Number of protein chains: 2
Amino acid sequence: MYDIENSIGFLLAKVYQRGFGLFKEQLDSYGLTPKQFSLLAFLWIEDDLSQTSLSHKTQVDRTTIGGLIDRLEKLGLVKRLPTPEDRRAYRICLTERGRELEKELCGLAARVTEKFLSPLTAEEQTVLRSTLKKLRQ
Amino acid sequence: MYDIENSIGFLLAKVYQRGFGLFKEQLDSYGLTPKQFSLLAFLWIEDDLSQTSLSHKTQVDRTTIGGLIDRLEKLGLVKRLPTPEDRRAYRICLTERGRELEKELCGLAARVTEKFLSPLTAEEQTVLRSTLKKLRQ
DNA sequence: TACCGATAATCAGTGTGCTGTCAATCGGGG
DNA sequence: CCCCGATTGACAGCACACTGATTATCGGTA
């Protein structure tokens with residue numbers, strides 16, 4: 001018999017689900033989802049990138065990135081600008097509003113993370129982070 | 001600036017995604033997904049339950065459970081039987097075929113898990129399991 | 001018995017991940 | 001300069017997760 005309740009795969013899925021839910025709850029008033037936040041977080045580091053390079057950086061499928069950008073565009077947080085030297089590609093840029101949200105949303109993310117990780121000691125959090133990095137590849 | 005690449009939430013999402021993908025790949029030839037497998041794994045422990053009690057046990061949303069069961073039913077692995085004492089509810093039971101798959105799929109799951117966790121030592125795996133349990137709640 | 005709140009499951013709609021297909025465009029070789 | 005393979009992004013379709021509304025039924029009470 002398979003001890004699903006104690007399998008790391010199952011536990012991982014449930015913990016992920018809980019974290020996602022917590023985050024989603026807090027982002028709701030902004031009309032944002034955790035995935036959209038994560039894309040924004042990458043754009044705050046560097047924007048003016050093509051959808052493909054964003055897809056590589058974030059490890060999100062190219063078709064999914066398209067949909068994410070659609071929604072962020074509707075919210076007025078990013079815009080698609082033409083690329084002069086390649087008419088196939090867009091440059092994905094933050095709007096003024098998209099930049100403004102950085103401080104506020106980062107604070108929110110920090111608070112959610114703290115709540116999410118509250119069952120763990122600082123030491124355990126550090127170990128978890130390095131373990132996850134090993135598993136990410 | 002938010003260091004998304006090192007945030008536990010982001011890493012968790014990516015690791016989950018990798019595990020899900022690995023599992024999905026292996027289950028593909030059965031026409032099953034990891035979520036469907038996890039529901040089966042619960043049913044191997046105990047079946048003849050209502051959708052609601054399965055939803056509680058597995059911590060999967062009630063509406064999602066309905067869809068999962070739809071697909072498992074189409075594959076001929078489970079069936080919905082009427083509940084004599086409550087005409088609203090179904091009893092979700094494994095079919096012969098659904099029971100037969102247990103040994104095979106559990107072996108597959110064990111192999112996938114081993115591959116997924118191969119970057120970690122046995123010690124690290126144990127620590128990860130107990131950390132995830134703390135975070136699950 | 002007739003009604004009422006609670007409960008089981010479904011349906012509709014949104015967000016996301018993935019596969020596969022397609023059109024437009026790019027870049028390099030003949 | 002034209003053709004071909006590669007690349008960028010769009011779109012359709014399937015699998016979920018979750019919210020909220022709806023339908024059918026249950027159980028208890030007036």
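Since the model is a prediction, treat every value here as computed from it, not as a measurement. Labels below follow one simple rule: chain letters A, B, ... track the order of the sequence lines, proteins then strands, and each chain is numbered from 1.
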query: When you match A:S50 and A:Q17 each to their closest nucleotide on DNA chain D, which lands nearer the 5' end?
result: A:S50
message: Tell me if the side-chain of A:T63 makes a donor-acceptor pair with the base of C:dT19, cut-off 3.5 Å, by modelled atom types.
response: yes
query: At what distance, to the nearest 0.5 angstrom, does CG of A:L105 lie from OH of A:Y30?
result: 5.5 Å
query: What is the nucleic acid contact for A:R80, judged by heavy atoms within less than 4.0 Å: base, sugar-phosphate only, or nothing?
result: sugar-phosphate
Integer-rounded Å distance: C:dC18 C1' and B:F20 CZ: 9 Å
query: Given C:dT7, is OP1 or OP2 found less than 4.0 Å from the side-chain N or O atoms of B:T52?
result: no
- prompt: If only side-chain N and O atoms of A:K24 are considered, is one of them under 4.0 Å from the OP1 or OP2 phosphate oxygen of D:dC18?
  reply: no
message: I need the CZ-P distance between A:R87 and D:dA10, as an integer number of Å.
response: 17 Å
query: Reckon A:Q59 has a side-chain N or O less than 4.0 Å from the OP1 or OP2 of C:dG17?
result: no
- prompt: Of B:R91, B:R80, B:R62, which is the lone residue that meets side chain to side chain donor-acceptor pair (under 3.5 Å) with B:Q51?
  reply: B:R80
task: Starting from C1' on D:dC14, measure out to CG on B:L72 and report it in whole angstrom.
output: 15 Å
message: Parallel, tilted or perpendicular, judged at 30° and 60°: which one describes the rings of B:F37 and A:Y2?
response: perpendicular
message: Whether B:Q51 contacts C:dT10 is assessed here as follows: a side-chain N or O lying under 4.0 Å from the phosphate OP1 or OP2. Is that the case?
response: yes
message: What is the separation between atom CZ on B:F23 and atom C1' on D:dA15, rounded to the nearest whole Å?
response: 16 Å
task: Scan A:D61 against the nucleic acid and name what it touches under 4.0 Å (heavy atoms): base, sugar-phosphate only, or nothing.
output: base
query: How is A:I65 classified with respect to the nucleic acid when contacts are heavy atoms under 4.0 Å: base, sugar-phosphate, or nothing?
result: nothing
message: For A:P34 and A:E85, find the nucleotide of DNA chain C closest to each by heavy atoms; which residue's nucleotide sits nearer the 5' end?
response: A:P34
query: For the side chain of B:E124 and the backbone of B:T121, is there at least one donor-acceptor N/O pair under 3.5 Å apart?
result: yes
Distance, rounded to the nearest Å, where B:K74 contributes NZ and D:dC16 contributes P: 12 Å
message: By the 4.0 Å heavy-atom rule, please label B:R71 as base, sugar-phosphate, or nothing.
response: sugar-phosphate
Atom pair distance, as rounded to whole Å: CD1 in B:I69 and C1' in D:dC16: 14 Å
field: For atom CZ of B:R62 and atom P of D:dT22, their distance in whole Å
entry: 14 Å
Any N/O donor-acceptor pair, A:R88 side-chain to D:dT7 base, under 3.5 Å: yes
- line: Whole-Å distance, B:K35 NZ to D:dA15 C1', equals 8 Å
- prompt: Do any N or O atoms from the side chain of B:K79 and from the backbone of B:I92 form a donor-acceptor pair under 3.5 angstrom?
  reply: no
query: Would you say D:dC16 has OP1 or OP2 under 4.0 Å from some side-chain N or O of B:T33?
result: yes
query: So what does B:Y90 hit on the nucleic acid, given a heavy-atom distance under 4.0 Å: a base, only sugar-phosphate, or nothing?
result: sugar-phosphate
query: Can you tell me if B:T58 uses its side chain to pair, donor with acceptor, with the backbone of B:L54 under 3.5 Å?
result: yes
